[in-house]
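Starting off with a structure, shown below.
Please read these numbers as outputs of a predicted model, since none were measured by experiment.
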Amino acid sequence: MPKRIPRNRQGNLVGSAPEDPAAYLKDLAQKKIPSTPTLQGLAMISKNCKACDLWQRGTQTVFGEGESDSKVMFVGEVPGDQEDLAGQPFVGPAGNLLDKALVEAGIDRSKAYVTNAVKHFKWEPRGKRRIHEKPNAKEIAACPPWLDAEIARLCPKVIVCLGATASQVLLGKDFRVTQHRGEFIESDLAPYVTATIHPSAILRAPDDVTREEEMKRFVADLKKIAKVIAWIDFRI
């Protein structure tokens with residue numbers, strides 16, 4: 001009898017990641033990413049990524065989303081439970097909070113591009129729930145080619161790192177959001193690059209007072225970005 005190949009609940013094949021993820025990504029970058037000039041094309045190719053074991057856990061790859069001419073790019077950490085099921089970034093509780101903060105700051109999310117540093121949901125079971133688990137160094141290291149390709153296709157004027165993982169992927173392992181949040185960092189990635197907390201950090205605040213204060217600080221960071229976007233629009 002033929003060997004049975006297990007599948008996940010979406011019908012996708014389940015197996016092991018490549019023995020050499022670095023070689024796999026290099027091969028992917030050389031043979032596929034350059035031949036796909038659009039973000040939509042990248043999203044389609046990313047569905048087959050197996051550079052780390054997270055593809056076995058997640059329902060699907062959650063690629064970035066937004067207009068191809070977006071001036072501002074928001075980069076988070078990893079998709080959550082609702083993002084994994086929907087196949088869209090920032091549509092869960094953290095995404096709802098981000099939407100609210102963007103409105104307060106005067107930034108139109110429909111004109112922004114949102115994505116994550118890691119494209120698959122990492123989780124651990126807790127009863128019937130799937131609880132977010134922080135990706136490890138190997139899993140984080142598997143995804144930069146996708147993020148680099150998104151940046152190359154989008155050519156954003158502003159990049160906003162949301163949280164430590166995105167900040168350290170794009171700005172280096174020694175970067176600390178706690179020390180430099182809201183500051184614009186000199187970078188080859190875009191004319192304006194900055195970092196602030198991830199909205200999920202606000203949701204994890206221990207009480208309502210702390211949550212309200214963190215939300216105010218978050219919106220203040222976003223208002224700085226809104227001023228830069230307005231200046232870019234004025235110059236254009």
Side-chain angles (χ1 to χ4, degrees), residues 54 57-58 62 64-66 72-86 88-107 109 112-124 126 129-137 139-141 143-144 147 156 158-185 187 189 192-228:
L54 290 185
R57 293 202 204 183
V62 181
E65 185 176 70
V72 59
M73 178 183 196
F74 290 90
V75 183
E77 179 192 67
V78 64
D81 181 70
Q82 292 185 35
E83 287 82 3
D84 173 70
L85 296 174
Q88 296 175 278
F90 286 96
V91 295
N96 293 334
L97 192 147
L98 175 62
D99 288 348
K100 181 179 178 181
L102 290 174
V103 170
E104 290 189 40
I107 298 174
R109 172 165 168 169
Y113 185 87
V114 292
T115 191
N116 284 295
V118 177
K119 308 302 187 190
H120 282 103
F121 178 38
K122 183 174 183 179
W123 56 278
E124 59 180 7
R126 191 172 301 171
R129 299 174 62 196
R130 301 190 303 169
I131 304 300
H132 163 271
E133 186 178 355
K134 186 177 178 64
N136 61 37
E139 292 155 354
I140 292 171
C143 267
L147 189 54
V158 184
I159 295 178
V160 184
C161 303
L162 299 173
T165 297
S167 299
Q168 291 174 9
V169 166
L170 291 177
L171 301 175
K173 293 182 179 180
D174 295 331
F175 185 88
R176 296 291 179 268
V177 176
T178 52
Q179 298 175 14
H180 301 288
R181 66 176 292 177
E183 298 178 11
F184 286 99
I185 310 300
S187 172
L189 297 171
Y192 300 92
V193 179
T194 187
T196 184
I197 61 172
H198 194 284
S200 62
I202 301 173
L203 296 175
R204 294 194 299 268
D207 53 66
D208 291 341
V209 174
T210 304
R211 192 173 300 111
E212 184 176 348
E213 287 301 316
E214 286 301 322
M215 185 65 170
K216 287 180 180 178
R217 293 188 65 195
F218 186 51
V219 170
D221 290 341
L222 295 181
K223 284 183 176 179
K224 295 177 184 178
I225 297 159
K227 289 181 179 179
V228 169

Checklist entry - Looking only at heavy atoms, which two atoms of Phe175 and Ala195 are closest? And how far apart? => result CE2-CB, 3.7 Å

Checklist entry - What is the distance from atom OG1 of Thr196 to atom CD of Glu214, rounded to the nearest 0.5 Å? => result 9.0 Å

Checklist entry - Do Leu54 and Val118 have side-chain heavy atoms sitting under 4.5 Å apart? => result yes

Item to check | pair Val72-Tyr192: side-chain heavy atoms closer than 4.5 Å | outcome: no

Checklist entry - Within a strict 4.5 Å, meaning less than it, do heavy atoms of the Gln82 and Pro93 side chains meet? => result yes

Checklist outcome for this item: For Ala226 and Ala105 the tightest heavy-atom approach is CB-O, 3.3 Å

Checklist entry - Does His198 reach the side chain of Val177, with side-chain heavy atoms less than 4.5 Å apart? => result no

Next on the checklist: Whether the side chain of Glu83 engages the backbone of Val91 through a donor-acceptor N/O pair (distance < 3.5 Å, no angle test) should be reported.
Outcome noted: yes

Next on the checklist: In the structure I gave you, are the side-chain heavy atoms of Thr115 and Pro89 within less than 4.5 Å of one another anywhere?
Outcome noted: no

Checklist outcome for this item: Rounding to 0.5 Å, atoms CD1 (Ile202) and CZ (Arg217) come to a distance of 10.0 Å

Checklist entry - Between Glu133 and Arg57, is the closest basic N to carboxylate O distance under 4.0 Å? => result yes

Next on the checklist: Can you give me the closest heavy-atom contact between Ala94 and Ser200, atom names plus distance?
Outcome noted: CB-N, 4.0 Å

Item to check | Partners meeting side-chain contact (heavy atoms from CB on, under 4.5 Å) with Thr194 (sequence neighbours left out) | outcome: Val160, Phe184, Ile225

Checklist entry - When rounded to the nearest 0.5 angstrom, what distance separates CD in Glu212 from CG in Asp207? => result 10.5 Å

Item to check | Euclidean distance, Phe218 CZ relative to Ile197 CD1, rounded to 0.5 Å | outcome: 6.0 Å

Item to check | Partner set under side-chain hydrogen bond (donor to acceptor under 3.5 Å, both in side chains) for Asp174, not counting sequence neighbours | outcome: none

Item to check | Distance-minimising heavy-atom pair for Gln88 and Val62 | outcome: C-CG1, 3.5 Å

Next on the checklist: Would you say NZ of Lys134 has more than 12 non-hydrogen atoms from neighbouring residues, nucleotides or ligands within 6.0 angstrom?
Outcome noted: yes

Item to check | Reference residue Phe74; test side-chain contact (heavy atoms from CB on, under 4.5 Å); the match among Val158, Leu222, Asn116 | outcome: Leu222

Checklist entry - Rounded to the nearest 0.5 Å, how far apart are NZ of Lys122 and CD1 of Ile140? => result 8.5 Å

Checklist outcome for this item: Scanning both residues in full, the closest heavy-atom pair of Ala117 with Thr165 reads CB-CG2, 4.4 Å

Next on the checklist: If you apply the rule side chain to side chain contact (heavy atoms under 4.5 Å, CB included), what do you find for Lys223 with Val219, and how did you get there?
Outcome noted: CA-CA 6 Å; Lys223 284 183 176 179; Val219 170; 3.8 Å; yes

Checklist entry - Is Pro135 close to Glu77 at the side-chain level, that is, under 4.5 Å between some pair of heavy atoms? => result yes

Next on the checklist: Do His132 and Asp84 have side chains that approach each other closer than 4.5 Å (heavy atoms only, starting at C-beta)?
Outcome noted: no

Checklist outcome for this item: Taken to the nearest 0.5 Å, the spacing of Ser167 OG from Ile185 CD1 works out to 9.0 Å

Checklist entry - In this structure, which one of Asp99, Leu97, Leu102 forms a side-chain contact (heavy atoms from CB on, under 4.5 Å) with Pro199? => result Leu97

Item to check | Check: Leu170 and Val193 side chains under 4.5 Å, non-hydrogen atoms | outcome: no

Next on the checklist: For a side chain to side chain contact (heavy atoms under 4.5 Å, CB included) check, start with the C-alpha distance between Arg204 and Arg211, then their side-chain angles and the critical distance, and finish with the verdict.
Outcome noted: CA-CA 8 Å; Arg204 294 194 299 268; Arg211 192 173 300 111; over 6 Å; no

